[in-house]
Amino acid sequence: MILVTGGAGYIGSHMVKLLLEHNYEVIIFDNLSMGHRASVPEHVPFIKGDLNNHDQITQVFKKYAIKAVMHFAANCYVGESVNHPQKYYHNNIIGLIHLLDAMREANVKNLIFSSSCAVYGRPPKRLIDEKTVREPISPYGRTKFFSEKIIEDYSMAYGLNYILLRYFNVAGADGDGKIGEDHKPETHLIPNILRHLQGKQKEITIFGNDYPTTDGTCIRDYIHVTDLVEGHLYALSNLLHKKLNREAYNLGTGRGYSILEVVQKCELITRKKALIQYKERRPGDPPHLVANTRKALKELKWKARFEMDDMIHSAWHWFLKHPDGYPIDKDGR
Ligand code: UDP
């Protein structure tokens, strides 16, 4: 069985869907702070629990025969982490330690970890490879960096097998339109633009147009969530078959888009005009983050298949079908 922490969240729910399609048995552990009960398929065992509660996570390993853990449960907003580092250190670091300790007690040795390109901070190179020095510039990035270090140390001392996956900017939704991105509050760029174009927000705010980039706005490498979870599937299979271990991979496309370019793409696809408001830079944002994806291609044999247009189309489809996001269930999520 594969334990997916954060399996009711945006990326976790897409992972669960893909694992089920590949006949893995799955169990979800999620505190529903960001996730949605409605995104969990009915037949999948779901435990509402918090990683900061050691007993709750320990019980899961006692009850189920778990072969590997895919750890998605974490807070992920760069801007929020600058103002609320306590939340990020508690949930992302202490939560991880409880999980690793529970795995150790149960002798579960395999971990796929959701890391981030935020570990690289303000990288010196245009295309970031995995050997780039890790010097995060936000508390969020630091939680991912410290998590990587903790996992590396547990691996050396206790024989944990792991693969770290460093995500670039994840966007889009599954093709069938049943699961998608529904963060409350939403801080990510593409959903915010689409929400605005849908009439749910009166404008789109761009944080900073004085960056040292072609048009002054930040450049990011956007990756389709379907591609991203496929990268995880390849990593899991390699880890379970003992082909790869103690490795880190960038999951991105290798192509950068400025914020203005993303806005223009969204306008073209939705055939609507955006109203842009410029504000000062958001703390913690580096100007340029684009992946060198060679290592993932060579070793994982994985490459992103979808383009920016596919991400926007699929996200738009999801928003049109679910104008108010997921239905609220009895847990209040
Ligand atoms: N951004 C923006 N307006 C928004 C949301 C994001 O200008 O409403 C910018 C943000 O400052 C960053 C880029 O878009 O430069 C990507 O931000 P996002 O929050 O989507 O992802 P992150 O890079 O923080 O993981």
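Every number for a ligand or one of its atoms is a count from 1 in the order of the listing.
- Regarding atom 5 (C) of ligand 1, its nearest protein heavy-atom neighbour is Thr187 O, 3.1 Å.
- Residue nearest to atom 17 (O) of ligand 1, selected from Arg282, Lys279, Gln201, Glu186: Arg282 (by heavy-atom distance).
- Ring centroid separation for the pair His188 and Tyr10 does not come in under the 6.0 Å cut-off.
- Taking atom 8 (O) of ligand 1 as the reference point, the nearest protein heavy-atom neighbour is Asn192 ND2, 3.1 Å.
- Inspection of the His71 and Tyr162 side chains reveals no N or O donor paired with an N or O acceptor under 3.5 Å.
- Side-chain atoms of Asp101 and Tyr158 form no donor-acceptor pair, as typed in the model, at a separation below 3.5 Å.
- Looking at Arg281 and Asp210, a side-chain N of the basic residue comes within less than 4.0 Å of a carboxylate O on the acidic one, giving a salt bridge.
- Heavy atoms of Ile259 found under 4.0 angstrom from ligand 1 belong exclusively to the side chain.
- Interface atoms of ligand 1 facing Thr205, defined by a heavy-atom separation under 4.0 Å, are 2 (C), 3 (N), 4 (C), 7 (O), 8 (O).
- Glu80 and Tyr88 share a donor-acceptor pair across their side chains, judged by distance under 3.5 Å alone.
- In this structure, of Tyr167, Tyr77, Phe207, the residue bringing a heavy atom nearest to atom 2 (C) of ligand 1 is Phe207.
- Counting protein heavy atoms only, atom 20 (O) of ligand 1 is closest to Leu189 N, 2.8 Å.
- Within the listing of ligand 1, atoms 24 (O) sit less than 4.0 angstrom from a heavy atom of Val78.
- Side-chain contact check for Thr132 and Asp129: at least one donor-acceptor pair (N or O, by modelled atom type) lies under 3.5 Å.
- Ligand 1 places these atoms under 4.0 Å from at least one heavy atom of Cys218: 15 (O).
- Residue Arg281 does not touch ligand 1, judged by heavy-atom distances below 4.0 Å.
- Judged by the 6.0 Å and 45° rule, Arg134 forms no cation-pi pair with Phe145.
- Shortest contact from atom 18 (P) of ligand 1 to any protein heavy atom: His188 CD2, 3.8 Å.
- With respect to atom 22 (P) of ligand 1, the closest heavy atom belonging to the protein is Asn169 ND2, 3.4 Å.
- Which parts of ligand 1 touch Ile206 is read off a 4.0 Å heavy-atom cut-off, strictly below it: atoms 7 (O).
- Inclusion of Tyr222 in the set of residues having an N or O under 3.5 Å from an N or O of ligand 1 is not warranted.
- With a 4.0 Å heavy-atom cut-off, ligand 1 is reached by no atom of Leu289.
- Assignment of Ile204 to the shell around ligand 1 is supported, since a heavy atom sits closer than 4.0 Å.
- A salt bridge is defined here as a Lys NZ or Arg NE, NH1 or NH2 lying under 4.0 Å from an Asp or Glu carboxylate O, and Glu21 with Lys17 meets this definition.
- The contact set between ligand 1 and Arg220, taken as ligand atoms under 4.0 Å from a residue heavy atom, comprises 15 (O), 23 (O).
- Salt bridge annotation for Arg246-Glu152: absent, with no cationic side-chain nitrogen under 4.0 angstrom from a carboxylate oxygen.
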Walk me through it: do Asn91 and Asn52 pass the test side chain to side chain donor-acceptor pair (under 3.5 Å)?
-> CA-CA 7 Å; Asn91 291 343; Asn52 278 328; 3.1 Å; yes
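- Nearest protein neighbour of atom 11 (O) of ligand 1, counting heavy atoms only, is Asp285 OD2, 2.5 Å.
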Run the side chain to side chain donor-acceptor pair (under 3.5 Å) check on Tyr222 and Thr253 step by step: do they pass?
-> CA-CA 7 Å; Tyr222 295 86; Thr253 65; over 6 Å; no
